[in-house]
Amino acid sequence: MRVCFVCTGNICRSPMAEAVFRALVEKQGLGDAVRAESAGTGDWHVGDPADPRTSAVLTRAGYVLDHAARCFEAGWFARFDRVIALDRGHLRELRAMAPTPEDAAKVRLLRSYDPAAAEDGDLDVPDPYYGGPDGFDACLELVEAALPGLLAEAEEFRP
């Protein structure tokens with residue numbers, strides 16, 4: 001299974017989700033079957049490392065991130081089984097750029113994998129970029145709550 005997490009600039013939310021998911025995948029022994037990447041819908045930060053606040057919250061939580069921002073391209077749909085949007089704006093943009101209906105169906109909201117979020121309908125991971133460090137902590141909590149659901153789906157790819 002190949003997964004790409006997508007946010008706006010690929011320096012906050014999507015690299016955070018990538019790092020957490022990779023850790024879960026390794027912990028479950030799925031490293032040979034599941035690959036995670038991330039990208040942004042915009043190209044403002046291409047080549048930049050993750051936002052220092054993202055790196056700090058991940059380091060405090062024990063996650064490892066080696067990252068350079070990228071911009072998602074329509075041709076990438078063929079490489080991925082799931083394209084995970086971090087909010088509804090990304091979902092709309094990714095589905096609009098999908099070359100086929102099958103590719104559009106690969107796009108899912110990250111929080112749709114969190115039963116509590118799916119129940120109350122709050123499926124966006126808010127962008128912490130313009131706020132303080134607390135927003136990055138809150139973002140990590142939302143990411144960690146959703147990723148076990150995606151990991152359960154990834155179990156189907158176990159060799």
(request) Write down the atom of Leu24, the atom of Pro148, and the distance for their closest heavy-atom approach. (result) CD1-N, 4.3 Å
(request) Could you walk me through whether Asp103 and Val83 pass the side-chain contact (heavy atoms from CB on, under 4.5 Å) test, one step at a time? (result) CA-CA 9 Å; Asp103 289 327; Val83 178; over 6 Å; no
(request) Kindly give the heavy-atom pair with the smallest separation between Arg111 and Ala117, and that separation in Å. (result) NH2-CB, 3.2 Å
(request) Indicate the atoms forming the closest heavy-atom contact of Gly40 with Val6, along with that distance. (result) C-CG1, 4.0 Å
(message) Are the side chains of Leu142 and Pro126 in contact, using a 4.5 Å heavy-atom criterion?
(response) yes
(message) When you measure from the side chain of His67 to the backbone of Asn10, do you find a donor-acceptor pair of N or O atoms at a distance under 3.5 Å?
(response) yes
(request) Compare every heavy atom of Cys139 with every heavy atom of Val125, then report the nearest pair and how far apart it is. (result) CG1-SG, 3.6 Å
(request) Examine Val34 and Ile84 and state if one hydrophobic cluster contains both, with Ile, Leu, Val, Met, Phe, Trp and Tyr joined whenever side-chain heavy atoms are less than 4.5 Å apart. (result) yes
(message) Is the shortest side-chain heavy-atom distance between Met97 and Thr41 below 4.5 Å?
(response) no
(message) Show every ring-ring contact (aromatic ring centres under 6.0 Å, His included) that has at least one partner inside residues 21-58, sequence neighbours left out.
(response) Phe5-Phe21
(request) Using a 4.5 Å cut-off on heavy atoms from C-beta on, say whether the side chain of His90 contacts that of Ser14. (result) no
(message) Looking at every heavy atom in both Trp76 and Cys71, which two are closest together, and how far apart are they?
(response) CH2-O, 3.4 Å
(message) I'd like to check Leu110 versus Leu147 (side-chain heavy atoms, cut-off strictly below 4.5 Å). Are they in contact?
(response) yes
(request) Evaluate the side-chain proximity of Val20 to Leu58: yes if any heavy-atom separation is below 4.5 Å, no if none is. (result) yes
(message) List the residues meeting side chain to side chain donor-acceptor pair (under 3.5 Å) with Asp51, not counting sequence neighbours, and say none if there are none.
(response) Arg53
(message) Could you check whether any side-chain heavy atom of Arg13 comes within less than 4.5 Å of a side-chain heavy atom of Val143, counting everything from C-beta outward?
(response) no
(message) Let me confirm one number: the OG-CD1 distance from Ser38 to Ile11, rounded to the nearest 0.5 Å.
(response) 11.5 Å
(message) Within the supplied structure, the quantity of interest is the number of heavy atoms (other residues, nucleotides, ligands) at a distance under 6.0 Å from Asp32 CG; does it exceed 12?
(response) no
(message) The test is side-chain contact (heavy atoms from CB on, under 4.5 Å); show your working for Thr8 and Tyr129 and say whether it passes.
(response) CA-CA 10 Å; Thr8 306; Tyr129 184 76; over 6 Å; no
(message) For the CG atom of Leu150 and the CZ atom of Arg82, what is their distance to the nearest 0.5 Å?
(response) 8.5 Å
(message) Working to the nearest 0.5 angstrom, can you tell me the gap between Arg2 CZ and Lys106 NZ?
(response) 11.0 Å
(request) Please check if Val57 and Leu65 belong to a single hydrophobic cluster, counting links between Ile, Leu, Val, Met, Phe, Trp and Tyr side chain heavy atoms closer than 4.5 Å. (result) yes
(message) Between Arg88 (side chain only) and Asp124 (backbone N and O only), is there a donor and an acceptor less than 3.5 Å apart?
(response) no
(request) State, with a plain yes or no, whether a side-chain heavy atom of Thr54 is found less than 4.5 Å away from one of Phe136. (result) yes
(request) Search all heavy atoms of Ser112 against all heavy atoms of Arg108 and return the closest pair with its distance. (result) OG-CB, 4.4 Å
(request) Indicate yes or no: at least one non-hydrogen side-chain atom of Asp127 is less than 4.5 angstrom from one of Asp87. (result) no
(request) Flag yes if Leu140 and Leu109 sit in one hydrophobic cluster, no otherwise; membership is Ile, Leu, Val, Met, Phe, Trp, Tyr, and two members link when side-chain heavy atoms are under 4.5 Å apart. (result) no
(message) Could you see if Phe72 belongs to whatever hydrophobic cluster contains Leu91? Use Ile, Leu, Val, Met, Phe, Trp, Tyr and a side-chain cutoff under 4.5 Å.
(response) yes
(request) Return each pair, listed once, that meets salt bridge (Lys or Arg N to Asp or Glu O under 4.0 Å) where at least one residue sits in residues 16-25; pairs must be two or more places apart or across chains. (result) Glu18-Arg22
(message) Between Phe80 and Val3, is there shared hydrophobic-cluster membership here, with clusters defined by ILVMFWY side-chain heavy atoms closer than 4.5 Å?
(response) no
